[in-house]
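Below you'll find the structure, written out as structure tokens, and then a few comments.
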Amino acid sequence: MPKTYEEINDKIRQGSVVVVTAEEMVDIVAEQGAAKAAEHVDVVTTGTFGPMCSSGAILNIGHTKPRMKIARAWLNGVPAYGGLAAVDLYLGATEMVENDPLNRTHPGEFRYGGGHVIQELIAGEDVLLRAEGYGTDCYPRRELETLINIEDLNEAILCNPRNAYQNYNVAVNTRTDRDVYTYLGVVKADLGSANYCSAGQLSPLLNDPHYRTVGIGTRIWLGGAQGYVFWPGTQHDPSVPRAANGVPRGGAGTLACVGDMKEMDPRWVVGVSFQGYGVSLCVGIGIPIPILDEDMARFTAVSDADIVAPLMDYAHGYPEMTGEPLGYVSYADLRSGEIELRGKRVPTAALSSYPRAREVANLLKEQVEAGEFLLSRPAELLPSAESGKTFRPLRERPPVREVR
Amino acid sequence: MGERRVVLHYPRTLIDEPIVSRLVRDFEVTVNILRANITPDQEGVMVVGVEGKPKNIEAGLAWVEEHGVKVQPLELDVVRDEDKCTHCGHCVVVCPTGALRVDDRESQVVVFDSDQCIACELCVAACPPRAMRVRF
């Protein structure tokens with residue numbers, strides 16, 4: 001008997017809902033079968049905590065006296081985008097503090113940027129805002145320097161265009177002379193490491209491979225608060241080849257996520273630095289998946305052994321955008337600490353925290369059980385494999401200049 | 001026989017002195033230099049493993065200290081801020097000695113075993129949340 005969202009929410013309100021984490025679901029379905037599991041499990045909670053570069057904050061600082069139309073702004077020295085109305089700012093997670101030495105001495109340290117400012121705001125720390133305007137009749141003020149605090153802001157909205165990638169590349173390095181410094185961390189020379197970044201069997205979209213329940217309007221656990229999926233994430237690509245279980249064999253679906261920073265916890269929104277690369281933001285995301293039917297029970301029972309990721313060479317091929325995978329490897333193998341590639345034993349390194357992903361899934365489980373977190377039916381589903389949506393590279397068209 | 005790993009801080013004035021040679025010759029210990037950063041006109045830092053009879057190590061290091069070199073036990077050198085560490089696991093392939101490693105594959109928790117740390121500091125800049133830092 002298929003269940004409905006309403007029935008599951010009624011059970012949540014009555015306190016009779018059965019919730020398990022995506023890890024626990026693996027064994028439950030292995031022991032009881034999907035049909036039986038679907039009858040008694042109502043919700044499977046997922047979790048992930050990893051660097052999610054395409055993230056940022058929308059801040060409304062309130063109007064100054066006299067009024068000001070902010071054109072350029074810096075938060076703790078990190079440039080924020082002011083091209084939105086008068087006192088709305090967008091601070092991107094990967095923006096670097098001004099005058100950072102970057103990679104002038106390679107590899108640079110990239111100590112401070114947008115991700116760190118976002119974490120400090122959420123932690124309730126004062127942040128220095130410096131801003132410039134050009135002055136208009138209605139907004140005459142031209143300069144501003146003030147401390148701001150999240151408490152005093154009208155809105156502080158975490159608004160992330162691309163989070164929670166459904167699967168991802170595993171980075172290796174075939175250069176023999178040096179390590180390469182990437183957004184997947186330091187990848188050791190001569191196949192010296194395999195760096196991966198997914199919560200695998202706990203990861204939200206790997207438990208709903210065809211996007212049957214996660215879509216626009218899905219209520220999610222975001223940075224310790226309740227947020228929402230507001231759109232398919234940028235680069236959402238349902239067309240990626242899939243294994244027999246429906247799981248994509250590489251980076252595929254993504255989510256655009258939004259939530260109130262004022263309710264978030266700095267433990268779950270963490271500014272991070274990647275040596276030789278830049279700064280980013282680690283975001284904790286958990287999504288409750290309703291077990292509407294037997295198929296959803298089967299999908300949420302996916303285990304690390306059943307999910308494979310492509311091994312990509314981040315020294316040659318990936319940077320030039322010409323590379324094909326050197327092979328595929330399962331998350332069970334990655335999590336064992338060592339994989340084999342070209343007859344070599346390669347130690348593995350995760351960039352996404354599995355202990356924290358597990359914590360998110362458990363926290364969300366507790367909240368659903370306690371009746372604090374209701375499920376929402378998406379207003380629209382995400383584009384599926386049948387939609388024809390793909391992820392295209394840029395086709396460059398150099399402008400033709402007239403010769404006189 | 002025993003071994004002690006220590007950090008030696010040389011003040012600028014002592015850079016020209018053959019401290020390590022005399023330590024080896026006069027106290028019958030072997031000194032294994034794990035890491036050294038000594039440049040003229042600046043303070044020098046050397047991480048060494050001193051091997052020999054415990055009595056000799058004790059006496060030798062006391063003599064080094066009498067000559068103005070600050071001696072610190074090595075485990076104090078690189079520390080992990082437990083509030084900042086997210087246990088992502090990146091450091092395990094950066095650490096050359098296995099001081100940072102995952103022992104329990106089930107929990108995937110990263111342990112920091114300071115006994116195995118040689119204070120190379122490679123983890124400091126590689127750690128995404130910058131949980132590792134040098135403490136002198």
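Letters A, B, ... are given to chains in the order of the sequence lines, protein chains preceding strands, and every chain is numbered from 1.
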Quick one: what part of [X] sits under 4.5 Å from any heavy atom of chain B, side chain, backbone, both or neither?
X	value
A/R267	neither
A/S280	neither
A/V186	both
A/F49	side chain

Report task. Answer whether the closest heavy-atom distance between the side chains of B/P128 and A/L351 falls below 4.5 Å. Result ->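 SC-SC contact between B/P128 and A/L351 confirmed.
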
Query raised in the report: Can B/Q108 and A/R335 be said to form a side chain to side chain contact (heavy atoms under 4.5 Å, CB included), step by step?
Result: CA-CA 8 Å; B/Q108 297 280 331; A/R335 252 179 261 295; 3.2 Å; yes

Query - Part of B/V93 lying under 4.5 Å from any heavy atom of chain A - result: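 Answer is both: backbone and side chain atoms of B/V93 are under 4.5 Å from chain A.
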
**Report entry** Point-to-point distance, once rounded to the nearest 0.5 Å, from SG of B/C123 to CD of A/Q275
**Finding:**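 CD of A/Q275 is found 10.5 Å from SG of B/C123.
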
Query raised in the report: If you count heavy-atom pairs under 4.5 Å between each of A/A349, A/S273, A/S193 and chain B, which one has the most?
Result: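 It is A/S273.
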
Query raised in the report: What residue in A/E109, A/R111, A/E359, A/H116 has the most heavy-atom pairs under 4.5 Å with chain B?
Result: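 Ranked by heavy-atom pairs under 4.5 Å with chain B, first place is A/E109.
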
Query raised in the report: Do any N or O atoms from the side chain of B/T86 and from the backbone of A/S353 form a donor-acceptor pair under 3.5 angstrom?
Result: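 Not confirmed, B/T86 side chain does not pair with A/S353 backbone.
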
Requested in this report: Sort out for me which of B/C127, B/C88, B/A125, B/A126 touches chain A most, counting heavy-atom pairs under 4.5 Å.
Outcome: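 Among the listed options, the one with the most contacts to chain A is B/C88.
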
Query raised in the report: Under 6.0 Å from the CZ atom of A/R342, do we count more than 12 heavy atoms belonging to anything else shown?
Result: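 Count not over threshold, so no.
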
